[in-house]
S.K.: 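Below are the structure tokens for one structure; questions will follow.
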Protein chains: 2
Amino acid sequence: MVTLADVARQAGVSASTVSYVLSGKRSISEETRRRVERSVTELGYHPNAGARALAARRSQIIALVVPLRADVYVPVMMEIAVSVTVAARRHGHDVLLLTKDEGPAGVRRVAGSGLADAVILMDVEVDDERVPLLRAQGTQAVLIGVPDDRRGVSCVDHDFATAGALCADHLADLGHREVAFVGYGSGVYHRHAGYAEHTLAGFRERAERRGLRFVQRPCEGTYESTAGTLGRILADRPETTGFVVQNEGAIGPLLGLLRTSGRTVPEDASVIALCPEQLAEQYAPRLTAVTGPAQELGRVAVEQTMGRIAALDRGEEPRDELVLLTPVLTVRESTGPAPRQGSRP
Amino acid sequence: MVTLADVARQAGVSASTVSYVLSGKRSISEETRRRVERSVTELGYHPNAGARALAARRSQIIALVVPLRADVYVPVMMEIAVSVTVAARRHGHDVLLLTKDEGPAGVRRVAGSGLADAVILMDVEVDDERVPLLRAQGTQAVLIGVPDDRRGVSCVDHDFATAGALCADHLADLGHREVAFVGYGSGVYHRHAGYAEHTLAGFRERAERRGLRFVQRPCEGTYESTAGTLGRILADRPETTGFVVQNEGAIGPLLGLLRTSGRTVPEDASVIALCPEQLAEQYAPRLTAVTGPAQELGRVAVEQTMGRIAALDRGEEPRDELVLLTPVLTVRESTGPAPRQGSRP
DNA sequence: TTGTAAGCGTTATCAC
DNA sequence: GTGATAACGCTTACAA
């Protein structure tokens with residue numbers, strides 16, 4: 001193994017000079033710099049990560065905790081993980097992959113041992129038990145998701161309220177007057193999951209402002225529950241022509257059931273989904289959808305992480321940020337102008 | 001930060017004793033062990049990862065290189081990544097996530113700096129440029145996939161030949177006599193991608209042995225190419241009743257086209273896919289499919305990695321293994337008995 | 001069974 | 001602009 005000392009010897013300078021050439025933390029004469037850089041490449045020197053971490057008290061590693069089971073749509077999770085990795089590399093950091101099933105212990109371990117300089121958590125719960133631990137440990141952390149108490153950490157998430165509002169606007173723009181919001185199972189709302197509540201609130205507020213009549217119905221996402229949900233909607237409000245679906249599991253069944261009930265999409269009924277693009281593209285007809293920028297999520301999380309570490313290096317207290325990313329509406333084939341009143345039998 | 005010395009002081013023993021209690025590398029009296037363990041928990045001691053890596057010359061980290069783009073079906077990739085992480089933890093190791101776009105440089109960096117003790121590569125090409133580098137560096141490596149020259153590394157992959165054979169057997173068992181293999185685009189075969197060639201060879205060999213008549217047709221996986229492929233098959237061999245599809249992109253189109261051509265699956269034509277379970281479950285009808293055990297792939301890769309590291313620790317030369325995992329055939333709704341001869345118009 | 005001490009390869013503080 | 005040198009926190013012969 002090639003060490004700093006080896007490079008120093010062959011370049012005819014001291015070890016500290018080599019170190020400073022590499023870190024750029026003090027001015028070096030052109031002459032010396034060149035000699036050192038030459039030796040570095042000639043010998044194929046790579047600074048030892050352990051030694052560096054020990055001396056600098058920084059590992060240049062951030063830990064990323066991913067959910068073990070696919071609560072999130074898996075390709076999106078992967079997209080976030082990869083974008084975190086790529087962004088971290090741009091900042092000279094590497095990413096350590098942890099699974100959520102290690103629980104708080106995993107976070108304690110990597111932060112406590114100095115293995116990671118900071119952690120990024122995915123799949124955050126409103127009362128996530130890892131957050132108080134992070135705070136107590138003084139571990140720098142960024143959450144992808146927003147817990148109730150976010151003191152001591154930074155957060156980034158989709159702007160669900162805007163997502164909901166975009167749906168209401170789009171349907172209103174198309175002339176729909178009577179619409180339905182097919183949400184998650186009622187359990188999700190009972191535990192006050194932020195993404196579900198904010199979406200609904202954003203939708204509701206905008207729908208009211210635009211003068212839409214609407215119903216909101218929970219839905220478990222199975223075929224049966226979707227059938228039940230849709231049946232009730234059509235029984236209560238037979239004039240409903242616009243549907244907003246947030247529950248990904250309900251999309252397929254809903255499309256099938258609408259067809260079965262004799263309604264053509266988008267001629268008789270418009271459907272707009274809150275889901276990833278990949279998913280929206282996959283149905284027939286392809287779905288008009290509101291989608292959050294998954295890669296941005298990872299990139300911003302890394303920026304926030306770096307910001308916190310930098311603050312610490314300057315001896316400042318890191319700021320607890322909250323960034324909400326604006327989703328975009330992509331119009332595809334599943335939405336169209338509202339049918340004329342009474343055109344259905 | 002709590003250090004070894006802190007623990008030693010409060011337990012009234014030397015630093016090395018604490019170290020040995022923790023590593024179990026020499027026998028310790030019950031009395032001492034208890035005192036040390038008590039201090040460890042009381043003080044909340046976590047061994048410093050950098051210091052440990054520096055002194056032990058082992059980071060207890062393995063690097064996992066994942067493809068950046070979804071050449072592989074993403075959920076499966078994620079499943080493998082997670083299973084690698086979980087398996088590594090069981091062996092006291094952590095996983096560093098690298099993306100393939102860093103190329104050979106990434107591998108050189110993490111191994112050269114001692115950041116990782118070994119690397120696991122996904123998405124391996126037959127003439128992968130990272131393999132010679134690994135060999136030259138003496139970096140311990142395990143590949144998920146099999147390159148042409150696998151000297152100096154261990155490999156684990158699906159047993160594609162068996163997968164192909166299982167397809168032939170199943171169709172033969174159901175009484176089909178005339179079958180078609182819808183493969184990948186011809187480019188894949190021209191560059192001799194192992195998974196494609198081995199599957200086809202396994203299928204062919206077994207089909208011949210079972211007396212099946214068959215054609216093999218490449219297919220790019222788009223709707224248009226699938227239409228072309230199927231059209232040619234039905235023109236050349238109108239009596240074809242069994243289809244094997246390896247190209248995931250071609251599955252949806254094929255099912256749609258068979259329907260359009262007036263053939264009902266599985267009454268008129270049987271379709272068997274080589275794909276992940278999740279995908280097979282997702283079509284209507286649900287697909288009979290041959291699937292490799294993705295989680296096993298990750299687990300075995302980690303076992304192989306640990307084996308190589310252990311060999312090194314014993315001063316032995318690590319053995320270059322090749323493990324092929326047997327896929328399983330799951331019968332679902334897309335295959336059935338061959339229709340009676342001439343039952344089609 | 002336990003202790004002493006010499007590294008491991010960097011970084012960073014002092015000096016010059 | 002450059003060079004000694006003392007940490008950094010742990011592992012592991014070597015002694016006792």
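Within every chain, numbering begins at 1; the chains are lettered A, B, ... in the order of the sequence lines, protein sequences first and strands thereafter. Side-chain atoms are counted along with the backbone in the values below, which use heavy atoms only and exclude waters and symmetry mates.
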S.K.: When the distance from CG of B/Leu22 to C1' of D/dT12 is rounded to whole Å, what number comes out?
M.R.: 15 Å
S.K.: Indicate whether OP1 or OP2 belonging to D/dG3 is found under 4.0 Å from a side-chain N or O atom of A/Ser16.
M.R.: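 A/Ser16 to D/dG3 OP1/OP2: no side-chain N or O under 4.0 Å.
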S.K.: Using rotation axes that map the C1' atoms of four end pairs onto the next four (five pairs an end), what angle separates the end axes of the helix from C/dT1-D/dA16 to C/dC16-D/dG1, to 10°?
M.R.: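 If I round to tens, the end axes sit 30° apart.
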S.K.: Phosphate oxygens OP1/OP2 of C/dG9: is one of them under 4.0 Å from a side-chain N or O of A/Thr3?
M.R.: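 No, no such contact exists.
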S.K.: Under 4.0 Å: is that the gap between some side-chain N or O of B/Ser14 and OP1 or OP2 of C/dT4?
M.R.: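 Checking C/dT4 against B/Ser14, no side-chain N or O comes under 4.0 Å of OP1 or OP2.
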S.K.: Tell whether B/Arg26 reaches the base of C/dT1 with its side chain through a donor-acceptor pair below 3.5 angstrom.
M.R.: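 Checked by distance alone, the answer is no.
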S.K.: List the atom of A/Arg308, the atom of A/Ser154, and the distance in Å for their closest heavy-atom pair.
M.R.: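 Between these two residues, the closest heavy atoms are NH1-OG, 2.9 Å.
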S.K.: Of B/Val13 and A/Ala5, whose nearest nucleotide on DNA chain C comes first from the 5' end?
M.R.: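 Closer to the 5' end of DNA chain C: B/Val13.
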S.K.: Can you tell me how far C1' of C/dT10 sits from CZ of B/Arg57, to the nearest Å?
M.R.: 14 Å
S.K.: What integer distance in Å separates B/Tyr20:OH from D/dG9:P?
M.R.: 20 Å
S.K.: Of all of residues 28-47 of chain A, which get a heavy atom below 4.0 angstrom from DNA chain D, listed by number?
M.R.: A/Ile28, A/Ser29, A/Thr32
S.K.: If you look at every heavy atom in A/Pro147 and A/Cys155, which pair is closest and at what distance?
M.R.: CD-SG, 3.7 Å
S.K.: Any idea which heavy atoms bring B/Leu115 and B/Ser59 closest together, and the distance?
M.R.: O-OG, 2.8 Å
S.K.: Given D/dC8, D/dG3, C/dG3, identify the nucleotide with an atom nearest to the side chain of A/Ala55.
M.R.: D/dC8
S.K.: Would you call A/Asp320-A/Arg150 a salt bridge at under 4.0 Å N-O?
M.R.: no
S.K.: Kindly say if A/Arg52 contacts the phosphate of C/dG9, meaning a side-chain N or O under 4.0 Å from OP1 or OP2.
M.R.: no
S.K.: Under 4.0 Å: is that the gap between some side-chain N or O of A/Ser19 and OP1 or OP2 of C/dT11?
M.R.: yes
S.K.: Under the salt bridge (Lys or Arg N to Asp or Glu O under 4.0 Å) criterion, do B/Glu321 and B/Arg319 qualify, and how do the steps go?
M.R.: CA-CA 6 Å; B/Glu321 300 182 337; B/Arg319 293 201 37 203; 5.3 Å; no
S.K.: So does A/Asp123 get a backbone contact from the side chain of A/Lys100, meaning a donor-acceptor N/O pair under 3.5 Å?
M.R.: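 Confirmed, A/Lys100 side chain pairs with A/Asp123 backbone.
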S.K.: Please identify each residue that fulfils ring-ring contact (aromatic ring centres under 6.0 Å, His included) with B/His93, with sequence neighbours left out.
M.R.: none
S.K.: Are more than 12 heavy atoms from other residues, nucleotides or ligands located less than 6.0 Å from atom CZ of A/Arg38?
M.R.: no
S.K.: Flag yes if more than 12 heavy atoms outside B/Arg90 fall under 6.0 Å of its CZ atom; otherwise flag no.
M.R.: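 Atom CZ in B/Arg90 is not crowded, with 12 or fewer foreign heavy atoms closer than 6.0 Å.
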S.K.: Write down the distance between CD (B/Gln60) and P (D/dG9), rounded to a whole number of angstrom.
M.R.: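 Taking atom P of D/dG9 as the reference, CD of B/Gln60 is at 20 Å.
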S.K.: Measuring to OP1 and OP2 of D/dT12, would you say a side-chain N or O of B/Lys25 lies under 4.0 angstrom away?
M.R.: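 Yes, because at least one side-chain N or O of B/Lys25 sits under 4.0 Å from OP1 or OP2 of D/dT12.
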